[in-house]
Number of protein chains: 2
Amino acid sequence: MILREPPPCASMFAPEHHAPRSGERPLDPETERLAALLAQAPLFNGLAHDEIVHFTRGVREQKVEKGVVLFHRGDPCHGFHLVLAGQIKLAFTSADGHEKVIEIIRAGQTFGEAVMFMDKPYVVMAQALTDSTLLHISKHVMFDEMGRDPMFCRKIIAGLAQRLHHLIADVETYSLRSGRERIIGYLLREDELDGEGHASGAVSLRLPTSKGTIASRLNLTQEHFSRILHELIDAGLIEVEGRTIHIPDIGRLRKSLN
Amino acid sequence: MILREPPPCASMFAPEHHAPRSGERPLDPETERLAALLAQAPLFNGLAHDEIVHFTRGVREQKVEKGVVLFHRGDPCHGFHLVLAGQIKLAFTSADGHEKVIEIIRAGQTFGEAVMFMDKPYVVMAQALTDSTLLHISKHVMFDEMGRDPMFCRKIIAGLAQRLHHLIADVETYSLRSGRERIIGYLLREDELDGEGHASGAVSLRLPTSKGTIASRLNLTQEHFSRILHELIDAGLIEVEGRTIHIPDIGRLRKSLN
DNA sequence: GCAAACTCTTGTCATAGGTCAAGAAAAACA
DNA sequence: TGTTTTTCTTGACCTATGACAAGAGTTTGC
């Protein structure tokens, strides 16, 4: 199922005229709501309420159903996205129809900043893995604020640097680790994210999406992913129950990496 | 041959005291020399001469012999590097001694910015592939200038975004293309860099470094690289003469990708 | 200009991981 | 609740790429 996002209707856009940046309190409850949502993103952490309100002029909320493609490779980029609820996958497709998922974006995360800062079209496609709600923040207000607040620039730089860091870690993983190691590493990271990062003991975790998608994220075929999972089951390292993985002893799983 | 860079002797550092930022002309010819070198880097393009001079306080020149390791994974990062002459390889090493080259940095290019912006240790190692000359620009003066000039921030953001872009392209290449395709793609890109990007016809190009290193950059073993090269020779697509590759018809090589 | 040290090739063999195809199991739906 | 659709497993087989080893070329250094 590959659906194309309907063209955004004009009413989805907040007006983009340049209001004077005075200290007057905005009374619009919709503006307040958007500001509150934005405030959650790390990027806007530490910004004054007034500053955040300023962004709302360039923000639109977007609800998409599972399967909807937000953008394709080659589409022009006018801003970036913040996921409020649901999951989005970023992937590229080769000429012969093969797909490689580069990232699974979850609630609270953002994507598309890098492309936005380059005036180039998207190089990947983005598709909703579940019904999702997102905010789209326009390039315009970002550049606006960047010119005004060097501290905001610093935050953006920090964000981009971190993203680069993760990507380099991915390259390392893809080139230096076996499929088995990648899967174990993935499970351990997953525990750190939604648990508190257990040092040892029993843990249960739920895969965020289908095994096929996760397999692709890890540069594996679905089949190979399945087989490795069953290898781990046979070794007594994990138990699988649908999308839930039980790890009887996470310390042992971690040790099995060496 | 793995040599460790000798600890930088104090005299290599320009004094780091905070001089008043007045418009007075600096008379020091060494400062002028460094400023002229810095001005070549895209990052400093468009900055006024006075601004660039300001950076020289945090710059040190470094000459390293082939084989010298500039830093290892885990070393703390105090700034970034600009290569004036020679080549540097960025790579990581797995526990079992395998090495993966992520980038071959050439004259005019910079590296290490991302880590610098994160207050984290290096995740890769850097080693001189040839005798090289570089400038090290300290974190300090960068942050200084960033606070002062939002336009400079924009440049940094643009640079990081582009680096991210390249890295994503690499991930795509590694996961979606075969060894043969990666090599052909590499040759074509190499032509675009040092030639004028020929649409068709005969081209000769010289590999920037040893085949083993390039193989690793392309996620291949030296042996496999060699075999693919000979496949291409057998297909009449290239001729190899040491480090020089002759491409009788680059259009045909490009077409052989599909 | 010779010896030592790299680098590159080539052969043989091993294997991680991919492909294709058919069921089984789950989810979604109606 | 049963039916359809999607996702997951499993089997048999294949292939791109890696590992090891030995030799042939090339540089480098004295």
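Lettering of chains follows the sequences in order, A, B, ..., and the numbering in each one begins at 1.
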Phosphate-side-chain proximity, B:Lys66 and D:dT28, N/O vs OP1/OP2 below 4.0 Å: no
Between C:dC20 (P) and A:Asp96 (CG): distance, integer Å: 10 Å
Worked check of ring pair (Phe, Tyr, Trp, His ring centres under 6.0 Å) between A:Tyr174 and B:Tyr174: CA-CA 8 Å; A:Tyr174 295 146; B:Tyr174 295 146; 8.5 Å; no
Distance, rounded to the nearest Å, where A:Leu207 contributes CG and D:dT9 contributes P: 10 Å
base_contact_polar (C:dG18 base, A:Arg227 side chain, donor-acceptor, <3.5 Å): no
Spacing between B:His98 atom NE2 and D:dG18 atom C1', to the nearest angstrom: 9 Å
Closest-nucleotide ordering on DNA chain C, the 5'-leading residue of A:Asn219 and A:Gly242: A:Asn219
d(CD, A:Glu99; C1', C:dG18) in whole Å: 17 Å
For atom CD1 of B:Ile228 and atom P of C:dT10, their distance in whole Å: 14 Å
Distance in angstrom units between B:Glu181 CD and D:dT17 P, rounded: 9 Å
For atom CD1 of A:Ile183 and atom P of D:dC8, their distance in whole Å: 13 Å
Residues A:Ser216 and A:Thr213: side-chain donor-acceptor under 3.5 angstrom: no
Euclidean distance, atom CD of residue A:Glu65 to atom P of C:dC29 [Å, nearest integer]: 10 Å
Pair of N/O donor and acceptor under 3.5 Å linking D:dC20 base with B:Glu223 side chain: yes
Side-chain H-bond candidate by donor/acceptor type, A:Glu172 with A:Ser175, under 3.5 Å: no
B:His230 vs C:dT10: side-chain N/O to OP1/OP2 distance below 4.0 Å: yes
Out of D:dA19, D:dT7, C:dT9, whichever nucleotide has its closest atom nearest the side chain of A:Gln222: D:dT7
Candidate nucleotides C:dT7, C:dG18, D:dT17, ranked by approach to the side chain of A:His224 - the nearest: C:dG18
Option from A:His246, A:Glu241, A:Glu239 for which side chain to side chain donor-acceptor pair (under 3.5 Å) with A:Ser204 holds: A:His246
A:Arg182 side-chain N/O to C:dG17 phosphate OP1/OP2 under 4.0 Å: yes
Polar pair under 3.5 Å, donor/acceptor by atom type, side chain A:Arg180, base C:dT15: no
Under 3.5 Å: donor-acceptor pair, side chain of A:Gln87, backbone of A:Pro208: yes
Residue-phosphate contact under 4.0 Å: A:Thr221 side-chain N/O, C:dG18 OP1/OP2: yes
